[in-house]
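Every chain is numbered from 1 and lettered A, B, ... according to where its sequence line falls, protein lines coming before strand lines.
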There are 2 protein chains.
Amino acid sequence: MSLIPIRPGSPFGAQPERSDAARNRERLLQAARDLVAEHGVDAVTMDMLACRADVGKGTVFRRFGSRAGLMMTLLSDAEAEFQREFIFGPPPLGPGAPPRERLIAFGEARIKYVEEYGELARAAAEHSPQNRHDAPPVVLWHRHIEMLLREAGLDRDPWLLALSLGATLDPERMLHSLRVHGVPPERLSASWRELVTRLLKDC
Amino acid sequence: MSLIPIRPGSPFGAQPERSDAARNRERLLQAARDLVAEHGVDAVTMDMLACRADVGKGTVFRRFGSRAGLMMTLLSDAEAEFQREFIFGPPPLGPGAPPRERLIAFGEARIKYVEEYGELARAAAEHSPQNRHDAPPVVLWHRHIEMLLREAGLDRDPWLLALSLGATLDPERMLHSLRVHGVPPERLSASWRELVTRLLKDC
DNA sequence: ATATTAAGCGGACCGCAGTCCGTTTAGAAT
DNA sequence: ATTCTAAACGGACTGCGGTCCGCTTAATAT
């Protein structure tokens, strides 16, 4: 009988991690960051990571569940920071600005996020529509957009409309525009602003 | 010195397929259709297909290049039909209707397409952002949307705006709404209509 | 018919994500 | 200190997509 462990090492886990487990987790995260820095996200394999961290492969998967899980863990700090900003931070991203401005700021922040962490974000979503669309951060962004649409007075199925807007901000899509087509980030921002502005024209 | 073969067996290939190759292609396609019908797209493996068609694995990959290529081939008839409809067919999908109506009809047709062939379409795009975003049909849809946006008078970066609209119609996203969240297709259509209408409000 | 040759073929092989299960060990209980 | 046990570990193993390369064969030239 115990609490549901949200995440190993999280303050809500019933009992603390065993010491060897904690040590291995640190070793793995450090090794993962190093490997990503050295070879790029896409070239890092789970075997490579296990080897570098001097740990069995089983341990890697016990820790992170999957390659996507590892990438999510590597992203979690940046993700938490991003969430703090749009939930509690200063306007126009945080509360206080009119919903249209917040929505525009949200998209622009996402674009910057993808510029910096895009490869990780893409790898964190690979190989599983489930994870891609129902991961907690994704659900949170969706809800945030939906809320802003409602506040802006858009009452015609804001849930689905939020999904459409979220699709525009999808990391893989934006990365493809940025890296393959060489679209400058300012152009992405401008297009997002245009889209949101037109959508909320008279609400 | 020969023409670039567009596709084996296509009228533009320099020389016709060898007879054994043609026979094997038919066997493979038939086997693939059977296996998909029996087990569903996601459960069909390339080894399974080779075995059922009584052909070496190398032959399967020589023919289709990859799993995604196989799925594209299975889709090609439906895809060609869809293209014919929005390029040459009767309005409002084909030419003759005002661009806003055509755009709405395009989205609705895509939704029906995904209802019917969604799993195949998703499998045809899996495991390669390159294929996902730069496959010929995808590029064509994108160009079509962009053209309609221009015709409707939207002159602020219609290329990127078309990308956003295309993102809304992405098979994986729509399948997820349909199958996981149980959103009825009519609701998807209504939301698409709302999106396009608002976007083109006063152009 | 025979020789030539390039397209086609098959299946062993590779790398990778992910699983399984027998072994080890940290930490609690005595 | 010793025992106990559940958590953690490690690495062999599986399944899959995809490649490689030596062998076969259809089509053509002679």
Donor-acceptor pair under 3.5 Å: do we get one between Lys57(B)'s side chain and the base of dA12(C)? no

Round to the nearest Å and state the distance from Leu28(A) atom CG to dA8(D) atom P. 13 Å

Between atom NE2 in His127(A) and atom P in dC16(C), what is the gap in whole Å? 12 Å

Phe64(B) CZ - dC9(C) C1' separation (whole Å): 15 Å

With respect to the side chain of Ser19(A), which nucleotide from dG27(C), dG10(C), dC9(D) is positioned closest? dG27(C)

Using side-chain contact (heavy atoms from CB on, under 4.5 Å) as the criterion, point out the one residue from Arg122(A), Glu172(A), His127(A) that pairs with Arg132(A). Glu172(A)

Ion pair check, Arg52(A) and Glu38(A), cut-off under 4.0 Å: yes

Any donor-acceptor pair under 3.5 Å joining the side chain of Arg18(A) to the base of dA7(D)? yes

Glu126(A) CD - dG18(C) P separation (whole Å): 10 Å

To the nearest angstrom, the CG-P distance between Leu70(A) and dC16(C) comes to 15 Å

Please determine if Arg110(A) and Glu115(A) form a salt bridge, counting it only when a charged side-chain N lies under 4.0 Å from a carboxylate O. no

Whole angstrom value for the distance that separates C1' of dG10(C) from CZ of Arg27(B): 13 Å

Report yes or no: does Trp192(A) contribute a side-chain atom to a donor-acceptor pair with the main-chain N or O of Leu103(A) at less than 3.5 Å? yes

Electrostatic pair Asp47(A):Lys57(A) at N-O distance under 4.0 angstrom: yes

To the nearest Å, give me how far apart CD (Glu17(B)) and C1' (dA27(D)) are. 14 Å

In plain terms, say whether Glu194(A) and Arg187(A) are close enough for a salt bridge, that is, a side-chain N and a carboxylate O under 4.0 Å apart. no

Contacts to DNA chain C from residues 37-54 of chain B, heavy-atom cutoff under 4.0 Å, which residues? none

Considering only dG10(D), dG18(C), dG8(C), which nucleotide approaches the side chain of Arg63(B) most closely? dG8(C)

Phosphate contact (dG18(C) OP1 or OP2) by Arg62(A) side-chain N/O below 4.0 Å: no

Heavy atoms under 4.0 Å, any strand shown: does Arg67(B) hit a base, just sugar-phosphate, or nothing? sugar-phosphate

d(CZ, Phe61(A); C1', dT19(C)) in whole Å: 9 Å

Please tabulate, for side-chain N and O atoms in residues 82-95 of chain A, each donor-acceptor pair with protein atoms closer than 3.5 Å (sequence neighbours left out).
{"from": "Gln83(A)", "atom 1": "NE2", "to": "Glu79(A)", "atom 2": "OE2", "distance (Å)": "2.8"}
{"from": "Arg84(A)", "atom 1": "NH1", "to": "Glu81(A)", "atom 2": "OE1", "distance (Å)": "2.9"}
{"from": "Arg84(A)", "atom 1": "NH2", "to": "Glu81(A)", "atom 2": "OE1", "distance (Å)": "2.9"}

Examine dA26(D): is either OP1 or OP2 under 4.0 Å from a nitrogen or oxygen in the side chain of Arg23(B)? Give yes or no. no

Give a yes/no on whether any side-chain N or O of Asn24(B) is located under 4.0 angstrom from OP1 or OP2 of dG8(C). no

Establish, with yes or no, whether the OP1 or OP2 oxygen of dG10(D) is under 4.0 angstrom from a side-chain nitrogen or oxygen of Thr59(A). yes

